[in-house]
There are 2 protein chains.
Amino acid sequence: MVKRTSFAGDACPIARSLDALGDWWSLLIIREALFGVRRFGEFQNKLGMAKNILAARLRSLVDHGILETAPASDGSAYQEYVLTPKGRGTFPILVALRQWSEEFDDRPEEIATILVDREKGRPVKKLEMRAEDGRLLSPADTTLKPRPAPRRRSA
Amino acid sequence: MVKRTSFAGDACPIARSLDALGDWWSLLIIREALFGVRRFGEFQNKLGMAKNILAARLRSLVDHGILETAPASDGSAYQEYVLTPKGRGTFPILVALRQWSEEFDDRPEEIATILVDREKGRPVKKLEMRAEDGRLLSPADTTLKPRPAPRRRSA
DNA sequence: CTCCATTAGTTGCATGATGAAACTATGTTG
DNA sequence: CAACATAGTTTCATCATGCAACTAATGGAG
């Protein structure tokens with residue numbers, strides 16, 4: 001079988017994330033959803049993608065618990081796609097991707113928008129990794145440990 | 001033309017990031033590289049991926065300035081792939097992906113490792129978005145603004 | 001130096017994923 | 001109810017992925 005590899009069973013949490021949103025469109029759909037897009041046609045217009053692919057991605061995101069369908073809020077009989085808490089939880093991922101472009105893109109002048117603090121209109125700070133006690137951490141200050149066994153009956 | 005869509009020319013910084021690392025393998029290759037993997041065969045063993053795909057991805061990552069080739073550090077005539085600063089700059093993205101799994105995965109018990117502060121051995125804090133002045137921001141506290149016109153070369 | 005194993009790829013082929021366009025089935029509007 | 005909009009599905013050509021086999025250089029043992 002040539003089967004496209006899936007990371008669903010992988011033990012690495014990064015691989016597991018990628019299994020749910022590691023394709024070309026899913027994160028862009030979520031980006032639109034975070035800005036309030038809810039309807040099929042709206043996604044299609046904003047993203048300019050083929051309708052069959054959009055339909056497949058929406059289904060996949062619903063299956064993964066990132067979106068859920070709901071009756072249309074405008075009273076029509078159509079349905080809408082709205083983010084679940086799990087879906088809204090991807091926000092830091094999108095911010096990290098955005099900031100990486102802002103910092104390292106070869107043609108930053110082509111970037112149209114910046115993310116700002118609504119209250120002050122100033123750019124948000126770079127995401128930073130901190131220890132429990134608040135110390136700023138660099139990649140080298142971190143390491144991986146085996147997940148502690150959740151206390152439960154014998155494994 | 002059916003051509004697979006590229007986001008390279010897109011004005012959205014998220015799309016631009018995805019153009020460089022939005023496929024199934026690139027971020028996993030970078031993950032390994034951050035842990036010190038440098039040689040072709042090492043990547044291949046750890047990731048268990050097809051060699052042709054690995055070769056293609058390494059080439060793409062080098063083209064995007066994320067990896068660069070260097071003479072082997074062990075004195076042999078082979079070459080190594082090492083992260084550039086741009087490549088190391090993806091670390092927050094990987095952390096965000098990891099934390100999303102840790103928080104929302106349906107089978108967290110399958111996740112093998114946790115990222116900890118090396119000094120204390122305690123899990124790192126969740127990434128949080130803050131304003132310039134340090135206020136904690138939620139997605140709703142942010143908005144997009146057009147990129148300010150670049151100041152005429154002061155560099 | 002010679003021979004063989006290792007490393008780092010490339011090539012060929014089968015199959016799955018993607019995308020444009022056409023088609024369909026509802027829902028909505030005049 | 002006729003015309004139109006919405007939300008898809010189907011069809012088909014093309015592209016990407018993955019496995020296996022092949023090649024071209026090292027590197028190491030004798």
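Any value given below was found using the heavy atoms of this structure, including those in side chains, with hydrogens, waters and symmetry copies removed. Here is the naming used below: chain letters follow the sequence lines, and residue numbers restart at 1 for every chain. Everything numeric here is computed off the predicted structure, so don't read it as measured data.
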Given atom [atom1] of [X] and atom [atom2] of [N], what is their separation to the nearest angstrom?
| X | N | atom1 | atom2 | result |
| --- | --- | --- | --- | --- |
| B:L54 | C:dG9 | CG | P | 8 Å |
| B:Q44 | D:dC19 | CD | C1' | 11 Å |
| A:D23 | C:dT18 | CG | C1' | 11 Å |
| B:L28 | D:dT17 | CG | P | 14 Å |
| A:D19 | C:dA17 | CG | P | 12 Å |
| A:E42 | D:dG8 | CD | P | 13 Å |
| B:I29 | D:dT17 | CD1 | C1' | 14 Å |
| A:M49 | C:dA17 | CE | P | 15 Å |

Can you tell me if [X] touches the phosphate of [N], counting only side-chain N or O atoms and a distance under 4.0 Å to OP1 or OP2?
| X | N | answer |
| --- | --- | --- |
| A:R39 | D:dA7 | yes |
| B:R59 | C:dA8 | no |
| B:S76 | D:dG27 | yes |

Exercise. Show your working on side chain to side chain donor-acceptor pair (under 3.5 Å) between B:S138 and B:D141 and close with a plain yes or no.
Key: CA-CA 5 Å; B:S138 77; B:D141 295 326; 3.2 Å; yes
Taking the minimum atom-to-atom distance to the side chain of [X], which one of [options] wins?
| X | options | result |
| --- | --- | --- |
| B:I53 | D:dG18, D:dA7, C:dG9 | D:dG18 |
| A:N52 | D:dG18, D:dG27, C:dA20 | C:dA20 |
| B:F40 | C:dG9, D:dG18, C:dG19 | C:dG9 |
| B:A50 | D:dG18, D:dG8, C:dG9 | D:dG18 |
| B:A77 | C:dT10, D:dG27, D:dT17 | D:dG27 |
| A:W25 | C:dG19, D:dT17, C:dT11 | C:dG19 |

Quiz item: Which other residues belong to the hydrophobic cluster containing A:V116, where Ile, Leu, Val, Met, Phe, Trp and Tyr are joined when side-chain heavy atoms lie under 4.5 Å apart, directly or via other members?
Solution: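 Reading the cluster by chain and number, A:V116 sits alongside A:I114.
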Exercise. Could you label the plane-to-plane angle of the A:W24 and B:F7 rings as parallel, tilted or perpendicular, counting under 30° as parallel and over 60° as perpendicular?
Key: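 Tilted, since the angle between the ring planes falls between 30° and 60°.
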Quiz item: How would you list, by chain and number, every residue that makes a side chain to side chain donor-acceptor pair (under 3.5 Å) with B:T113, sequence neighbours excluded?
Solution: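 For B:T113 the side chain to side chain donor-acceptor pair (under 3.5 Å) partners, ignoring immediate neighbours, are B:R98.
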Quiz item: Heavy atoms under 4.0 Å, any strand shown: does A:Y81 hit a base, just sugar-phosphate, or nothing?
Solution: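 Touches sugar-phosphate only.
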Quiz item: Base, sugar-phosphate alone, or nothing: which one does A:Q79 contact when heavy atoms must sit under 4.0 Å apart?
Solution: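 Sugar-phosphate, no base atom in range.
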Exercise. Between B:K51 and B:W24, name the one whose nearest nucleotide on DNA chain C is closer to the 5' end.
Key: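 Nearer the 5' end of the strand: B:K51.
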Practice problem: Identify, between A:R57 and A:Y78, the residue whose nearest nucleotide on DNA chain C lies closer to the 5' end. | Solution: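 Closest to the 5' end, via its nearest nucleotide, is A:R57.
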Quiz item: If every non-hydrogen atom of A:S26 is compared with every non-hydrogen atom of A:A20, which pair is closest and at what distance?
Solution: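 Smallest heavy-atom distance, with atoms named: OG-O, 4.2 Å.
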Practice problem: Measure across A:A72 and A:S76 and return the closest heavy-atom pair with its distance rounded to 0.1 Å. | Solution: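 Heavy atoms of A:A72 and A:S76 come nearest at CB-OG, 3.5 Å.
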